[in-house]
Amino acid sequence: GGGGYCSHAIDSPCNEKAVIEDIDTIYQHLWDMFDPLVSHLPSRTQLKRYIQNGEAAVVRVGQKIGAFALFQELGAQATYIYQLATVPDERGKGLAGTLLHNELRQFGRQRAFSLWVEERNRAAAALYTKYGFAPAGRRLTILKGA
């Protein structure tokens, strides 16, 4: 693994940086779970760059990826949450919340986070709202300051 960072009990899932061996699994999940006509999905080359730059995080359940996120560093103090998803078989277990919580806990004081959510994705909007994000500007944009 890529080294975990958690805020929960020792037996709770933890974030870790994605490793290059995760590329095919994450890529397949992205294309299975998101509509490429609505969501801008990364190429394999772009995904490899996210992993190599430490901008991809995963939460594993056993040996499998249960949730993952891709982050774009936008300068020294801003991060765009490009994708955050839970694989279908692991939904409802709080894995995306764990991943988001730990990322915000690790980086949130120094960084402003922003993201875009599909209007029909009410579960994602509810998750981000729970962690302090609020609608800003256009109806599909959710931003969070430091």
Side-chain angles (χ1 to χ4, degrees), residues 1-8 12-75 77-108 111-146:
Y5 44 99
C6 327
S7 63
H8 297 113
S12 294
C14 298
N15 296 22
E16 59 184 75
K17 296 295 182 188
V19 293
I20 204 68
E21 292 80 14
D22 294 327
I23 193 168
D24 291 334
T25 302
I26 293 172
Y27 186 80
Q28 191 62 53
H29 282 311
L30 284 168
W31 284 88
D32 289 347
M33 294 168 30
F34 292 97
D35 181 349
L37 298 177
V38 177
S39 297
H40 176 72
L41 298 178
S43 68
R44 262 195 166 75
T45 302
Q46 290 169 317
L47 182 55
K48 183 178 180 182
R49 216 170 303 129
Y50 282 112
I51 292 171
Q52 290 172 330
N53 291 342
E55 296 175 324
V58 298
V59 174
R60 297 187 197 280
V61 177
Q63 297 301 313
K64 293 186 174 186
I65 293 172
F68 60 91
L70 306 176
F71 303 93
Q72 288 178 315
E73 301 302 324
L74 305 174
Q77 295 183 318
T79 299
Y80 180 72
I81 302 173
Y82 182 29
Q83 298 287 353
L84 172 63
T86 303
V87 300
D89 291 348
E90 301 296 336
R91 290 189 180 145
K93 299 178 181 177
L95 300 180
T98 294
L99 199 158
L100 182 61
H101 174 81
N102 290 334
E103 286 292 321
L104 293 173
R105 185 171 169 262
Q106 183 173 5
F107 302 109
R111 306 191 71 76
F113 286 81
S114 62
L115 58 114
W116 176 86
V117 177
E118 289 182 44
E119 187 173 26
R120 67 177 187 225
N121 193 344
R122 304 231 184 271
L127 173 70
Y128 292 119
T129 300
K130 177 180 174 182
Y131 286 95
F133 289 80
R138 307 185 118 182
R139 63 186 175 159
L140 297 180
T141 303
I142 297 179
L143 299 173
K144 177 184 167 83

Is the Phe133 ring parallel, tilted or perpendicular to the Phe113 ring (thresholds 30°, 60°)?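 Because their plane-to-plane angle is over 60°, the rings of Phe133 and Phe113 count as perpendicular.
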Using 30° and 60° as the class boundaries, would you call the ring planes of Phe68 and His29 parallel, tilted or perpendicular?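 Parallel: the ring planes of Phe68 and His29 meet at under 30°.
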Where is the tightest heavy-atom contact between [X] and [Y], given as atom of each residue plus distance?
X: Met33; Y: Ala85; result: CE-CB, 3.1 Å
X: Asp24; Y: Arg44; result: OD1-NH2, 3.1 Å
X: Leu95; Y: Ala67; result: CB-CB, 3.8 Å
X: Ala96; Y: Thr86; result: CB-OG1, 3.3 Å
X: Tyr27; Y: Pro42; result: CE1-O, 3.5 Å

Side chain proximity check, [X] to [Y], heavy atoms < 4.5 angstrom:
X: Thr25; Y: Val58; value: no
X: Asn102; Y: Val59; value: no
X: Val61; Y: Asp89; value: no
X: Gln83; Y: Leu41; value: yes

For Ile23, give me all partners under side chain to side chain contact (heavy atoms under 4.5 Å, CB included), at least two apart in sequence or on another chain.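 Side chain to side chain contact (heavy atoms under 4.5 Å, CB included) check on Ile23 returns Leu47, Lys48, Ile51.
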How many angstroms lie between [atom1] in [X] and [atom2] in [Y], if you round to the nearest 0.5 Å?
X: Lys130; Y: His101; atom1: NZ; atom2: NE2; value: 9.5 Å
X: Leu104; Y: Thr79; atom1: CG; atom2: OG1; value: 9.5 Å
X: Leu99; Y: Leu127; atom1: CG; atom2: CG; value: 10.0 Å

For Glu55, check salt bridge (Lys or Arg N to Asp or Glu O under 4.0 Å) against everything at least two apart and list the hits.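 Applying salt bridge (Lys or Arg N to Asp or Glu O under 4.0 Å) to Glu55 gives none.
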With sequence neighbours left out, the residues meeting salt bridge (Lys or Arg N to Asp or Glu O under 4.0 Å) with Arg91 are none
Taking side chain to side chain donor-acceptor pair (under 3.5 Å) as the criterion, tell me which of Gln106, Glu103, Glu73 meets it with Arg111.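 Per the side chain to side chain donor-acceptor pair (under 3.5 Å) rule, the option paired with Arg111 is Glu73, out of Gln106, Glu103, Glu73.
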Hey, which of Tyr50, Phe34, Phe71 is the one that makes ring pair (Phe, Tyr, Trp, His ring centres under 6.0 Å) with Tyr82?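 The ring pair (Phe, Tyr, Trp, His ring centres under 6.0 Å) with Tyr82 is passed solely by Tyr50 among Tyr50, Phe34, Phe71.
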